[in-house]
Amino acid sequence: MATRTVRWVLRYRPGQRVVHWLHAGAFFVLLITGLALIWPPLSFLAAGGLSRLLHRVAAVIFLLTPALYALLDFRGLRDLVRDSFTYTREDLEWLKGFPGYFLGRTSHLPPQGRVNAGQKIHHALTIIAYFAISGSGLALWLGKGSLGPTGLLAATLVHDLSMALMAILTVGHIYFTFVYDALPAMTTGYVSEEYARMEHALWLASIPQEPPYVIEVQEEIPEPRRVRGARAEEEAVG
Amino acid sequence: MARLAMLIDLSRCLGCQACVIACKAGRELAPGERWVEIREVVWGRFPELRGAFVPHRCFHCAEAACVQVCPTGALYKRDGFTLVDFDRCSGCGYCVEVCPYKVPRLVDGRVSKCASCLDLVQRGEEPWCVRTCPAGALQCGTREEILAEARARVAALKDRYPEAQIYGETQMGGLGVIMVLPAPPEALGLPAQPQIPPLAIWKDGVQPLSLGALALSVLTSGIAFFIARRRHLEEKRNSQNHGE
Ligand code: SF4
Ligand code: SF4
């Protein structure tokens, strides 16, 4: 079997991946149990109170992820916060090219560092939404009975809007993950060198070109042409 | 059906608790649940003391804050009453928070409040509380009938209670429970002008809007995905060919 050498680049350390998946898991539980609380077609899920309990368990995990991040990988957290709120001229250039990026092209974009402008904005909005969701959620949870009509209105408004924002951000996040094959970054921690070159050329150049930062893996060469040809032949014979 | 209403004549209420028990038994309420409560109110200064029994229960507001805020549609209006679909209640407690009369409570994780005996009324019977009241303080009928009856009773009371008046004609868009009061509402522990909280924009505006925006983003990215994916693979092939 023919093989080739493929280079993979370390993108996320184990701590970062654990925090990411915990946060994502808690978020989806919150989203579904939350929808059950506010959306009539799903309200049958909420009757009985199980969804409310799940919502609160997930809320605690969701609330604690930044603290967990700080504990497991403080450098990661610090970089995340710093990068999310510092923007340069190149970021503006990148944003001008965003429509093309949204539709699958990267070649027209200026070379990017560890995170591109789109990711920065995504992270920044996620951080803001995190605080809005958590603050209003805690108010609804702990303030029950003393919020009054206006307080309840304000808290639910902020809670709903910030959650909608985060859900929409998540849709985009998943979208780009699958358009650009970025899932391995969060499962194995590595991205292909090709991905890194196309999307984060400056970052790729800035890291040491040695394990564990860059590793080489032997991979089978897929042979789609021949297989398809063979099947065509079979069909022709049959 | 026409808009219905109930009449509570405080000048006739004896405070006997018959309606409380009838409601609890007739509606088969769970232990700890109680939809009608009789409060005893005393006003005036000794020796000029006056007293009344004030039944406290859902007032079935036309512009019901609880209905406006209930996210699942468990609370809804029909024929002038505020009904409850208990299976749809998620127990969020928003209704408890906004009711200006502090009526709904949460019992075992779901709302508990007078859901009206509309089923009985539609069969031509009377609500449990009405049919049990030994003093004729309660009545049920169309809202016009009830208002006319209330006016008549107020007129008859004016001699004994010069401050007698109707309560519920205008409050909260008009209540589904019209009360004949022997004294001004404040003296009886009732807000003269309960505030309608500014809530409609949330459930009718923000929630559909956020759900719509979310659906739209799923749709857009779903369609764009096929285009973007093809172009990305194309670009990848090109860059590989260049590299070789
Ligand atoms: S009195 Fe309270 S519970 Fe009853 S309809 Fe009005 S707002 Fe709703
Ligand atoms: S507690 Fe139940 S009835 Fe009250 S607002 Fe929430 S879902 Fe509606």
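Labels below follow one simple rule: chain letters A, B, ... track the order of the sequence lines, proteins then strands, and each chain is numbered from 1.
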S.K.: So which atom in B:Thr72 and which in A:Ala36 form the shortest heavy-atom distance, rounded to 0.1 Å?
M.R.: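 Closest pair (atom of B:Thr72, atom of A:Ala36, distance): CG2-O, 4.2 Å.
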S.K.: Please classify the contact of B:Val218 with chain A as side chain, backbone, both or neither, using a heavy-atom distance under 4.5 Å.
M.R.: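 Both backbone and side chain.
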S.K.: When rounded to the nearest 0.5 angstrom, what is the spacing between CG in A:Leu31 and CG in B:Leu214?
M.R.: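 Going from the CG atom of A:Leu31 to the CG atom of B:Leu214 covers 7.0 Å.
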S.K.: Please report the closest heavy-atom contact between B:Arg229 and A:Tyr180, naming both atoms and the distance.
M.R.: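 Nearest pair, atom of B:Arg229 first, then A:Tyr180: NH1-N, 4.3 Å.
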S.K.: Select one option (side chain, backbone, both, neither) describing which atoms of A:Leu140 are under 4.5 Å from chain B's heavy atoms.
M.R.: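 It is the side chain, since no backbone atom gets that close.
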S.K.: Starting from the C-alpha separation in whole Å, work towards a yes-or-no answer on side chain to side chain contact (heavy atoms under 4.5 Å, CB included) for A:Asp181 and B:Lys236.
M.R.: CA-CA 11 Å; A:Asp181 300 306; B:Lys236 219 154 121 177; 3.0 Å; yes
S.K.: Under 6.0 Å from the CD atom of B:Gln17, do we count more than 12 heavy atoms belonging to anything else shown?
M.R.: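 Result for CD/B:Gln17: enclosed.
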S.K.: Taking atom OH of A:Tyr213 as the centre, report whether more than 12 heavy atoms of other residues, nucleotides or ligands fall under 6.0 Å from it.
M.R.: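 No, not enclosed.
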S.K.: Is it true that, when you exclude B:Asp119 itself, more than 12 heavy atoms of the residues, nucleotides or ligands shown sit nearer than 6.0 Å to its CG?
M.R.: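 It does: B:Asp119 CG has more than 12 such atoms within range.
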S.K.: Taking everything shown except B:Arg78 itself, do over 12 heavy atoms lie less than 6.0 Å from its CZ?
M.R.: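 Incorrect, the count does not exceed 12.
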S.K.: CD1 of B:Ile227 to CZ of A:Phe102: how many Å apart, nearest 0.5 Å?
M.R.: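 Separation between the atoms: 9.0 Å.
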S.K.: Select one option (side chain, backbone, both, neither) describing which atoms of A:Tyr101 are under 4.5 Å from chain B's heavy atoms.
M.R.: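 Contact with chain B: none, neither part.
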S.K.: Given a strict heavy-atom distance threshold of 4.5 Å, which part of B:Leu216 is in contact with chain A: side chain, backbone, both, or neither?
M.R.: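 Interface part for B:Leu216: neither.
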S.K.: Determine the option with the most heavy-atom pairs under 4.5 angstrom with chain B, choosing from A:Ser107, A:Gly100, A:Ser146, A:Pro41.
M.R.: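 Option with the top pair count is A:Ser107.
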S.K.: Might you point out which heavy atoms bring B:Ser221 and A:Tyr175 nearest each other, and give the distance in Å?
M.R.: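 That would be O-CE1, 3.3 Å.
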S.K.: At a 4.5 Å cut-off on heavy atoms, which part of A:Leu35 comes close to chain B: side chain, backbone, both, or neither?
M.R.: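 It is the side chain, since no backbone atom gets that close.
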S.K.: Are more than 12 heavy atoms from other residues, nucleotides or ligands located less than 6.0 Å from atom CD of B:Glu28?
M.R.: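 Count not over threshold, so no.
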S.K.: Measuring from atom CG of A:Leu153 to atom OH of B:Tyr94, what distance do you get when rounded to the nearest 0.5 angstrom?
M.R.: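 OH of B:Tyr94 is found 11.0 Å from CG of A:Leu153.
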S.K.: Enter the distance from A:Ile168:CD1 to B:Ser217:OG here, rounded to the nearest 0.5 Å.
M.R.: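 Going from the CD1 atom of A:Ile168 to the OG atom of B:Ser217 covers 5.0 Å.
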S.K.: To the nearest 0.5 angstrom, please state how far the OG atom of B:Ser90 sits from the CZ atom of A:Arg52.
M.R.: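 Answer rounded to 0.5 Å: 7.0 Å.
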S.K.: Decide yes or no on side chain to side chain contact (heavy atoms under 4.5 Å, CB included) for B:Arg231 and A:Val179, but give the supporting numbers first.
M.R.: CA-CA 9 Å; B:Arg231 293 176 68 184; A:Val179 167; over 6 Å; no
S.K.: Please state whether the side chain, the backbone, both or neither of A:Phe176 comes within less than 4.5 Å of a heavy atom of chain B.
M.R.: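 No part of A:Phe176 comes within 4.5 Å of chain B.
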S.K.: Are the side chain of A:Lys144 and the backbone N or O of B:Glu97 linked by a donor-acceptor pair below 3.5 Å?
M.R.: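 No; zero donor-acceptor contacts below 3.5 Å.
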S.K.: Measure A:Thr106 against the heavy atoms of chain B and call it side chain, backbone, both or neither at under 4.5 Å.
M.R.: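 Both the backbone and the side chain of A:Thr106 come within 4.5 Å of chain B.
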S.K.: Below 4.5 Å, heavy-atom pairs only: which of B:Gly93, B:Cys70, B:Ala213, B:Pro208 has the largest tally toward chain A?
M.R.: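 With the most close heavy-atom pairs to chain A, the winner is B:Ala213.
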S.K.: Between A:Arg105 and B:Glu235 (side chain of the first, backbone of the second, donor and acceptor by atom type, cut-off under 3.5 Å), is there such a pair?
M.R.: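 Checking the backbone N and O of B:Glu235 against the side chain of A:Arg105, no donor-acceptor pair under 3.5 Å is found.
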